[in-house]
Amino acid sequence: MPGLLLGDVFPDFEAETTAGKIKFHEFLGDSWGILFTHPRDYTPVCTTELGRAARLSSEFLKREVKLIGLSIDTLEDHHGWSKDILAYNCDESGCSSLPYPLIADGKRELAVALGMLDPEEKDKDGMPVTARCVFIIGPDKKLKLSLLYPATTGRNFDEILRVVDSLQLTAGKRVATPADWKPGDCVMIPPSIPEEEAAALFPAGVYSKDLPSGKKYLRYTPWP
Ligand code: BEZ
């Protein structure tokens, strides 16, 4: 992702969306945000992904996260395809419209500016389409996490929700989350916190795992 690093303020772009014209920072307000891109409207993997995001939208809302999608398709296609997404994914959960807007980046301006094109995946005119990017932006408008998948690999939106839980927890507490962590599990104490400070910071207990090296760096504490 050329030019955009963790901790950078996310560009405050203007865009045409299925919910009208937006200014990105104004759209985010004080919320967290997830900007996620897909290669093309009316394609199978994208239909499953956007449907999964729709079905999880109440979970994102609970966490005060605003979702917004993007591809290089037109607003007309976004509106038409939304009906297919809902018909395929949301029959039983009763969604009547996509619970998040879609940006129409027909001129690829944002896709180029944010390094979101997939050079391996081209449209019928030989032009690259958008990859499957995920940018998670904090209430301070700074980039907290990014993912970049190729067109041929659909994302796991439960994992995206899981990383939001980790990002929101670690934004407020001096802890880190281990592999496959989920809310309720123990968290880890970062190496930068000395032993005495850790004991004071985590009154629920600091547990360290004995290791062959004798070093006490694998330190856990109950979910704070
Ligand atoms: C899909 O969404 O199914 C897809 C889109 C572009 C390339 C490959 C798959």
Using only heavy-atom distances, determine whether the side chains of His78 and Asp41 contain a donor-acceptor pair under 3.5 Å. yes

With a sphere of 6.0 Å drawn around CD of Glu64, does it hold more than 12 non-hydrogen atoms of other residues, nucleotides or ligands? no

May I ask you to say whether Arg162 pairs ionically with Glu159, meaning some side-chain N is under 4.0 Å from a carboxylate O? yes

What heavy-atom pair brings Ala198 and Ile193 nearest, and what distance separates the two atoms? N-CG2, 3.7 Å

Roughly how far apart are Leu86 CG and Tyr88 OH, rounded to 0.5 Å? 13.5 Å

When the ring centroid of Tyr220 is compared with that of Tyr207, is the distance short of 6.0 Å? no

Which atom names give the shortest non-hydrogen contact between Leu75 and Thr17, and what distance separates them? CD2-C, 3.4 Å

When clusters are formed by joining ILVMFWY residues with side-chain heavy atoms under 4.5 Å apart, either directly or through shared neighbours, do Ile72 and Leu102 land in the same one? no

How about Glu195: does its CD atom have over 12 heavy atoms from other parts shown lying under 6.0 Å from it? no

Test of understanding: with side-chain contact (heavy atoms from CB on, under 4.5 Å), list the residues that count as partners of Ser58, not counting sequence neighbours. none

Ile68/Ile22 under side-chain contact (heavy atoms from CB on, under 4.5 Å): CA gap, chis, key distance, verdict: CA-CA 11 Å; Ile68 188 162; Ile22 61 154; 3.6 Å; yes

Once you round to the nearest 0.5 Å, how far does OG of Ser146 lie from CD1 of Ile137? 10.0 Å

How many angstroms lie between atom CD of Glu26 and atom CD of Glu14, to the nearest 0.5 angstrom? 9.0 Å

State the CG-NZ distance between Leu98 and Lys83, to the nearest 0.5 angstrom. 10.5 Å

Is it the case that atom CD in Glu197 sees more than 12 heavy atoms from other parts of the structure closer than 6.0 Å? yes

How about Thr177 and Ser166: does a side-chain donor come under 3.5 Å of a side-chain acceptor? yes

Do you know the tightest heavy-atom contact between Asp118 and Pro150? OD2-CA, 3.8 Å

Can you tell me if Lys141 uses its side chain to pair, donor with acceptor, with the backbone of Gly29 under 3.5 Å? yes

Co-membership, hydrophobic cluster, residues Val45 and Leu67, 4.5 Å side-chain: no

Starting from Trp32, can I reach Leu169 by hopping between I/L/V/M/F/W/Y residues whose side chains sit under 4.5 Å apart? no

Ala111 and Thr130 have their tightest heavy-atom pair at CB-CG2, 3.8 Å

Determine, for Arg132 against Glu49, whether the closest basic-nitrogen to carboxylate-oxygen distance falls under 4.0 angstrom. yes

Ring centroid separation for Phe60 and Tyr100, is it under 6.0 angstrom? no

Closest heavy-atom pair, Ala19 versus Pro101, reported as atoms and distance to 0.1 Å, is CB-CB, 4.0 Å

Would Asp165 and Arg63 pass as an ion pair if we require N to O under 4.0 Å? yes

Side-chain donor-acceptor contact under 3.5 Å, Thr47 with Trp81: yes

Residues Cys46 and Pro39: closest non-hydrogen pair is SG-CD, 3.3 Å

Output the distance between atom CG (Leu211) and atom NZ (Lys216), rounded to the nearest 0.5 Å. 8.0 Å

In Leu145, Leu143, Leu147, Leu35, the residue satisfying side chain to side chain contact (heavy atoms under 4.5 Å, CB included) with Ile136 is Leu145

Rounded distance [0.5 Å steps], OH in Tyr217 versus CD1 in Ile189: 15.0 Å

Can you check salt bridge (Lys or Arg N to Asp or Glu O under 4.0 Å) on Arg40 and Asp73, steps first, answer last? CA-CA 7 Å; Arg40 285 310 324 227; Asp73 297 277; 3.0 Å; yes

Is there side-chain contact between Val164 and Ile34, with at least one heavy-atom pair below 4.5 Å? yes

Verdict with reasoning, Glu120 to Thr152, per side-chain contact (heavy atoms from CB on, under 4.5 Å): CA-CA 10 Å; Glu120 300 283 320; Thr152 40; over 6 Å; no

Do Val163 and Tyr149 share a hydrophobic cluster, counting only Ile, Leu, Val, Met, Phe, Trp and Tyr and linking them when any side-chain heavy atoms are less than 4.5 Å apart? yes

Anything under 30° is parallel, anything over 60° is perpendicular, the rest tilted; go ahead and classify Phe24 against Phe27. parallel

Linking I/L/V/M/F/W/Y whenever any side-chain heavy atoms sit under 4.5 Å apart, do Phe202 and Met188 land together? no

Using atom types as modelled and distance alone, determine if a side-chain donor or acceptor of Thr37 lies under 3.5 Å from a backbone N or O of Ala131. yes

Is there a side-chain contact (heavy atoms from CB on, under 4.5 Å) between Arg155 and Phe36? Walk through the geometry before answering. CA-CA 10 Å; Arg155 289 155 290 193; Phe36 63 106; 3.7 Å; yes

Has the side chain of Asp125 got a donor or acceptor atom that lies under 3.5 Å from a matching backbone atom of Met127? no

If you apply the rule side-chain contact (heavy atoms from CB on, under 4.5 Å), what do you find for His79 with Thr18, and how did you get there? CA-CA 7 Å; His79 284 298; Thr18 48; 3.6 Å; yes

Minimum side-chain heavy-atom gap Leu4-Pro11 below 4.5 Å: yes

Any donor-acceptor pair under 3.5 Å linking the side chain of Thr221 with the backbone of Gly205? yes

Any side-chain heavy-atom pair from Val175 and Trp223 closer than 4.5 angstrom? no

